[in-house]
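Here is the naming used below: chain letters follow the sequence lines, and residue numbers restart at 1 for every chain. Atoms considered below: every heavy atom in the structure, side chains included; atoms not considered: hydrogens, waters and symmetry mates.
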Amino acid sequence: MIKGMAYWLMKSEPDVFSIEHLRHKKVAGWDGVRNYQARNNLRAMRKGDFAFFYHSSTKSPAIAGLMEIVREAYPDPTAKDPGWDQVDVRFVKAFVRELSLHEIKRISALQKMVLLNNSRLSVQPVTPGEWKILMDRLDPQND
DNA sequence: GCCAACGTTGGC
DNA sequence: GCCAACGTTGGC
């Protein structure tokens with residue numbers, strides 16, 4: 001892990017925009033965020049940071065993929081009012097086996113994850129320790 | 001589809 | 001500045 005790098009988790013309903021959509025687009029603007037806390041997290045992202053792509057509001061919500069921040073916050077063109085930003089993300093991979101919310105809840109070292117304690121926040125930080133535990137499960141060959 | 005949790009709005 | 005009403009998110 002590179003020192004100073006930050007890690008994130010970003011939610012999207014797969015019916016609207018999924019990891020497979022991102023695979024095909026390769027790079028996409030992460031638009032539509034209309035929550036101040038989520039927006040502030042977007043603004044804290046730096047080029048080169050990594051983020052999990054989380055599928056929300058589905059039968060089995062889960063971490064589905066990995067992406068990289070390739071452009072830092074800039075105005076969201078889909079926002080009617082000023083003050084809302086987006087970042088650009090690049091597809092890195094879709095995990096062969098997703099890690100479901102149900103499984104995450106059963107990992108004792110992850111009980112403090114924002115995901116488990118502020119379930120409505122759509123853009124959230126992941127600590128380096130949490131990131132490693134998750135990556136070890138999601139991508140055991142790599143890393 | 002339901003509803004708990006949370007965020008926002010607006011009257012006072 | 002409080003808080004009731006309302007809207008949204010997201011797990012189930």
Side-chain angles (χ1 to χ4, degrees), chain A residues 1 5-143:
Chain A
M1 279 182 270
M5 176 181 291
Y7 301 93
W8 308 95
L9 181 147
M10 300 163 84
K11 297 181 181 179
S12 179
E13 297 186 29
D15 290 347
V16 179
F17 188 73
S18 72
I19 189 69
E20 292 307 317
H21 290 115
L22 182 60
R23 184 204 294 278
H24 289 109
K25 288 192 75 172
K26 295 184 171 61
V27 172
W30 199 272
D31 61 23
V33 170
R34 299 292 183 271
N35 168 283
Y36 291 112
Q37 205 180 339
R39 184 206 60 189
N40 291 344
N41 288 332
L42 285 179
R43 288 180 174 176
M45 291 178 175
R46 292 298 166 253
K47 205 171 160 181
D49 285 355
F50 284 108
F52 287 129
F53 194 126
Y54 179 89
H55 285 166
S56 66
S57 296
T58 176
K59 277 231 168 67
S60 183
I63 294 173
L66 178 63
M67 52 195 171
E68 180 189 0
I69 309 306
V70 292
R71 183 177 171 190
E72 297 179 7
Y74 63 100
D76 179 347
T78 70
K80 276 196 293 180
D81 304 316
W84 298 114
D85 288 353
Q86 66 178 16
V87 297
D88 284 355
V89 296
R90 177 182 70 83
F91 175 85
V92 176
K93 66 159 53 185
F95 294 114
V96 173
R97 190 182 165 285
E98 296 184 352
L99 189 64
S100 71
L101 178 63
H102 183 72
E103 292 170 284
I104 294 166
K105 281 181 173 172
R106 291 168 54 199
I107 301 171
S108 58
L110 298 181
Q111 294 308 303
K112 289 187 175 171
M113 272 195 80
V114 177
L115 185 69
L116 304 187
N117 296 286
N118 189 355
S119 65
R120 294 182 59 211
L121 186 61
S122 66
V123 178
Q124 55 184 256
V126 176
T127 70
E130 292 162 352
W131 185 270
K132 185 178 188 322
I133 290 165
L134 291 162
M135 282 299 285
D136 284 348
R137 303 237 179 182
L138 285 157
D139 206 18
Q141 314 306 332
N142 246 324
D143 224 25

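Remark: A:Arg137 pairs with no residue by the salt bridge (charged side-chain N to carboxylate O under 4.0 Å, His left out) rule, at least two apart or across chains. Residues passing the side chain to side chain contact (heavy atoms under 4.5 Å, CB included) test with A:Ala28 are A:Phe17, A:Leu22, A:Lys25, sequence neighbours excluded. Annotation: side chain to side chain donor-acceptor pair (under 3.5 Å) contacts of A:Lys47 (sequence neighbours excluded): none. A:Arg71 meets the salt bridge (charged side-chain N to carboxylate O under 4.0 Å, His left out) test with no other residue; sequence neighbours excluded. Annotation: side chain to side chain donor-acceptor pair (under 3.5 Å) contacts of A:Glu20 (sequence neighbours excluded): A:Arg23.
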Please tabulate, for the side chains in residues 53-60 of chain A, all donor-acceptor contacts under 3.5 angstrom to protein atoms that are two or more places apart in sequence or on a different chain.
unit_1, atom_1, unit_2, atom_2, d
A:His55, NE2, A:Ile19, N, 3.1

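For residues 98-126 of chain A, every residue pair satisfying the salt bridge (Lys or Arg N to Asp or Glu O under 4.0 Å) rule, not counting sequence neighbours, is listed here: A:Arg97-A:Glu103.
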- Query: With the sugar-phosphate defined as primed atoms, P, OP1 and OP2, and the base as all remaining atoms, what B/S/- string results for nucleotides 5-12 of chain C, 5' to 3', for protein heavy atoms under 4.0 Å?
  - Reply: --BBBBSS
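Note that the two end axes of the helix from B:dG1-C:dC12 to B:dC12-C:dG1 enclose an angle of 10°, each drawn from 5 base pairs, rounded to 10 degrees.
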